[in-house]
Amino acid sequence: MSFLDQLNPQQREAVETVQGPVLILAGAGSGKTRVITYRIAHLIEHLGAMPESILAVTFTNKAAAEMVGRVDKIVGGLSIAKPVISTFHSFCVRLLRRDVEALRIPSTTLGAPPIGLTKNFVIYDESDQQSLVKSIMRRLGIDDKQTTPRAVLSHISWAKNHMLDPQEIYLQSNDPTTEKVSHIYAEYRKELLKANAMDFDDLLLEAVRLLKAAPEVRDYYSRRFHHVLVDEYQDTNRPQYELMRLLAGERHNVCAVGDEDQSIYSWRGADIRNILEFEKDFPEAKIVRLEQNYRSTQNILQAASAVVANNVRRKGKNLWTSRQGGAKIGYYEAPDGENEALFVADWIARYLREGTDGKEKPRAAVLYRTNSQSRLFEEAMRRYQLKYHVVGGFSFYDRAEIKDLISYLKVVQNPDDSISLMRVINTPVRGIGKTTIEVLERLALETGLSLWGSVGEAIQRQLLPARACAALKSFQDLIEDARAMLGGTYAQRLAETATTDEGAVAPAAVELNDQISFDPTIFDFGAMEPEEESPATEVEKIEGFPEPGSAGTADILKFLIDRTGYIKLLEEEDTPEAFSRVENLHELVNAAMDSRDRGETLDQFLDHAALVSDADAYDEQAQITLMTLHAAKGLEFPLVFLCGLEEGLFPHSRTFNHPDDIEEERRLCYVGMTRAMDTLVLSRATYRRRYGTDLPEASIPSRFLEEVPAVLIEEVGGRSGRTSRQPRPQEYDSGDTHYSYEDEDQSVSWRQPSVQAKPKSAPSAPKYNSIENIAEFFASRGKRFTLPKVPVEAPTGRRGFRPGQKVRHPKYGEGTVYQREGEGEETKLTVQFPRFGLKKLVEKYAQLEAV
DNA sequence: CCCTGGTCCCAACTT
DNA sequence: GGGACCAGGG
């Protein structure tokens, strides 16, 4: 026996019990990940299980990726087939992309397509959900001040996580607000269906519904997966739990790993009963407890255990460590938030200078309750010139320009996605204004068509003024041309599935003996087959494409950017912000190219964009990481700061009313403390500014501070100056407005107005030379391809100014006309002013004079 | 029709 | 610190 020898007896038992249900109660730092990986390796290497028959579900994509790597290290050489390791949500998306149409029901209208979601559904993120709820509320005439869309959504999400439908909510409601919510919820569901879209919660719900409703689908998966492992089991909600049971089938070979003391997602529907009552649902379950902690010193462990011991709802356990003693828990009381941050930065700076005896790579984490606390720490780190990483907060895919183009792609993938359509229909501005959109919305409401459908209808029936119609037509052409690029197998696949009606399910290729052949091109769980067989290959064979495989996501994206002039317009803005946006877009194109190299189709690219989480951005190489306590789950650091220990902040004021919520805050505190390997420092600010402008408010120490035994605590950096090791607060006068060098540099380049801004080198330099390929492609199909508009020589009217002409503006002074757009009343001139940069002016209004 | 600037209100955690 | 919304000017 090989790797199993590295395990302690309990871990070994957890790894070797492979028949029937097992619940592993794994305390913090007890080698949980190791147990899961070794269990998978054991199944494959010693028991001859087929890798692809193993399914492991983790909490984040990052954790999944790491587990894949670890398993690979042990059994990598054995087979090309890999176990499926993924998050619940990613797993469900793949499952639904393959089989969701089994849920469709025949339409009552003869000849109409069946009702239900189709394979090219899109995923709605939080802002999509918000827009949708807002528009529903507007339509129903519900005041969004009293009942905010946000509150409605959280109610809906709560309902979904508890698997309640609108009717059930309605029946349970005993107040007018909940009643209203149930109405909105019902409408919301209808709209999602109409848009062929699902929200995050739906991914789980629909997967469960699918497995329950379609026996042949359930069969497929129960044949495929013989072993199911669930990580972070304490944070599973009802739908996830059901999914697990359905996948475990009759074999009951399910292994759940969790720690009830680390359950921190009840607000997302995580049901602690799933872990407390596992034995009820699986009576034959074996329980294994892992109680040896390999991470922290005894002091840290004792302190954390003492805090969480105040909770009532827990199974209770005795964690122990062989790392006796250790440094005491540091406690620092800062005068205010700025000082707290500077204290932390100072400590980290010293820590990094001094190093850690070389045995462990120096890494520190700053943990806080709310994302908004990160700002102070970021400023402090910059002032100390420390490189840091922030997990969470604003992510790449949250940026406006990225969302815009993702929305375009979503519309290309599924034009019925009205929320995305709405986002891009006039972005960048193309003359489709409020009135036009209102007409379209009314039309959609009257006809039952989607917004996209009513665009077509409005054009065909000339329901709008000629100008608006023209603008709509150009938008329609844009989307249709982009959709034509999807082409080939992909579109065919969509078309085919759209016509296989009568609710008939095309069963997957399944043979009835144990040697099952799966259809990897449809249900590709990653690296199951050599690359040559990936879907991309089929796309490549389609006639009419300029080059094999070139009309992938990246090309569609480039096409959209070119044709809309999105980047060009940004470049014309000529501001640092605009350029950083351009860079972000280049980054997006790169991501799309990578996606193509992996052989992914557009839907897979979009799924990825929708499902990357903040926690996935964690970089284990970073020396300093700032993040929320939630994001820190599963990680460990030699040095940990737990900041803002104040009543109202942590525990958060919103939890005061409910004892269960306070217990969850306490578990969160436990999670935070147990991230520390060697040193743990707690801190609090005696005065804290709540929002930028308000006066600082005095704070009360968090109750969790008092729950740490006093003997384990040592005050550090205190005003009493007990230890000179730590800086005194006075050294940091946070009152002055001096910024670090970096900031000064930034502000300099910032302030510099675009004096020497030179007019951008004439019409659209071919940044993306693919445009020629695309033109050829269209030509080869006998379609016309319109190149992005190039400024045309203006027909000089009485007052017409031409590009190149010198003009004078009452406010901006002398300048040179750079570009002329539009006709008549709407003529716009882009003029380059030496002191003010490029300005776009309406000729009619701008009082220009020829010079 | 679009853009700007002012004002008001909000501010947990996240797949 | 910032997003949403509105009024007013070009």
Side-chain angles (χ1 to χ4, degrees), chain A residues 57-64 86-93 123 125-127 130-131 134 144-145 148-150 154 157 160-161 199-204 232 235-237 239-240 264-270 367-376 379 391-395 400 426-437 467-468 471 573 607 610-616 627-633 644 648-655 661 664-665 667-668 671-672 689-694 809-812 822 825-826 828-829 839-848:
Chain A
V57 193
T58 60
F59 208 70
T60 61
N61 295 303
K62 187 93 185 174
S86 131
T87 65
F88 267 113
H89 288 83
S90 308
F91 178 79
C92 289
V93 169
I123 302 169
D125 68 16
E126 214 181 306
S127 69
Q130 290 241 11
S131 319
K134 250 188 220 164
D144 65 355
K145 298 247 155 47
T148 63
R150 222 181 125 83
S154 85
S157 178
K160 287 190 172 185
N161 285 325
D199 64 20
F200 283 125
D201 300 325
D202 285 337
L203 297 176
L204 303 172
E232 306 285 5
D235 285 323
T236 52
N237 61 20
Q240 288 168 328
I264 53 177
Y265 282 96
S266 73
W267 49 273
R268 215 170 64 192
L367 308 182
Y368 37 77
R369 179 66 236 269
T370 65
N371 271 312
S372 59
Q373 284 167 265
S374 75
R375 207 194 91 246
L376 291 173
E379 277 168 17
V391 177
F394 229 55
S395 89
N426 201 30
T427 321
V429 289
R430 54 170 72 85
I432 302 177
K434 219 166 82 186
T435 25
T436 307
I437 287 169
R467 190 150 39 96
E573 269 182 44
D607 290 347
L611 294 174
V612 281
S613 70
D614 288 342
D616 295 332
M627 62 185 142
T628 62
L629 288 153
H630 282 89
K633 184 165 90 158
L649 188 56
F650 188 34
H652 198 273
S653 53
R654 294 214 183 178
T655 65
D661 290 348
E664 179 148 317
E665 295 286 294
R667 291 192 292 269
L668 195 53
V671 167
R689 234 187 295 262
R690 282 194 64 213
Y691 315 123
T693 48
D694 286 350
H809 186 271
K811 205 153 124 200
Y812 304 130
E825 301 244 303
E826 292 182 59
K828 282 173 192 140
L829 297 172
K839 294 279 174 202
K840 206 167 194 173
L841 308 164
V842 179
E843 190 178 43
K844 194 174 93 177
Y845 299 114
Q847 297 144 32
L848 292 175

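Note that the structure is predicted; figures quoted are calculated from it, not measured. The chains referred to below are lettered A, B, ... by the order of the sequence lines, with proteins before strands, and numbering in each begins at 1. All values below come from the heavy atoms of this structure, side chains included, with hydrogens, waters and symmetry mates left out.
For the OP1/OP2 pair of B/dA11 and a distance below 4.0 Å, the side-chain nitrogens and oxygens of A/Asn371 include no atom meeting the criterion. Of the side-chain N and O atoms in A/Arg654, one or more sit less than 4.0 angstrom from OP1 or OP2 of B/dA11. Between A/Thr628 and B/dT14, a side-chain N or O to OP1/OP2 separation shorter than 4.0 Å is present. Phosphate contact (OP1/OP2 of B/dC1, side-chain N/O of A/Thr435, threshold under 4.0 Å): present.
Both A/His89 and A/Gly433 sit near DNA chain B, but only A/Gly433 has its closest nucleotide nearer the 5' end. Comparing A/Val429 and A/Thr60, the nucleotide of DNA chain B nearest to each residue sits closer to the 5' end for A/Val429.
Counting any heavy atom pair closer than 4.0 Å across all strands shown, A/Asp125 reaches no nucleic acid atom. Residue contacts for A/Gly392: at a heavy-atom cut-off of 4.0 Å it reaches no nucleic acid atom on any strand shown.
Going from atom CG of A/Asp199 over to atom P of B/dT15 covers 15 Å, rounded to whole Å. Between the CZ atom of A/Arg667 and the C1' atom of B/dC13 there is a distance of 13 Å, given to the nearest Å. Atom NE2 of A/His652 and atom P of B/dA12 are 5 Å apart (whole Å). In this structure, the CG atom of A/Leu367 is 16 Å from the C1' atom of B/dA12, given to the nearest Å. Separating the CZ atom of A/Arg369 from the P atom of B/dT14 is a distance of 9 Å, rounded to the nearest angstrom. Between the C1' atom of B/dA11 and the CZ atom of A/Arg150 lies a distance of 8 Å, rounded to the nearest Å. The nearest whole Å value for the distance from the NZ atom in A/Lys633 to the C1' atom in B/dT14 is 10 Å. A/Glu126 places its CD atom 11 Å from the C1' atom of B/dC13, with the value rounded to the nearest Å.
For A/Phe650, the ring pair (Phe, Tyr, Trp, His ring centres under 6.0 Å) test picks out A/Phe704, with sequence neighbours left out.
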Item to check | Criterion side chain to side chain donor-acceptor pair (under 3.5 Å) on A/Thr370 and A/Gln373, from CA distance to verdict | outcome: CA-CA 6 Å; A/Thr370 65; A/Gln373 284 167 265; 3.0 Å; yes
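Of all nucleotides listed (B/dC1, B/dT14, B/dA12), B/dC1 comes nearest to the side chain of A/Thr436. Among B/dT15, B/dA12, B/dT14, the nucleotide with an atom closest to any side-chain atom of A/Glu665 is B/dA12. For A/Lys134, the listed nucleotide lying nearest its side chain is C/dC5; candidates were B/dT15, C/dC5, B/dC13. Here the side chain of A/Thr370 is nearest to one of B/dT14, B/dT15, B/dA12, namely B/dA12.
Residues A/His89 and A/Gln240 have side chains in contact (heavy-atom distance under 4.5 Å, counting atoms from C-beta outward). Contact annotation: the side chain of A/Tyr265 approaches that of A/Lys633 to within less than 4.5 Å [non-hydrogen atoms, C-beta and beyond]. Residues A/Thr436 and A/Asn426 are not in side-chain contact: their nearest non-hydrogen atoms beyond the backbone lie 4.5 Å or more apart.
No donor-acceptor contact under 3.5 Å links the side chain of A/Arg268 to the base of B/dC13.
Rounding to the nearest 0.5 angstrom, the gap separating the CZ atom in A/Phe59 from the OG1 atom in A/Thr236 is 9.0 Å.
In this pair, A/Phe88 does not lay its aromatic ring on the base of B/dT15; centres under 5.5 Å and planes under 30 degrees do not both hold.
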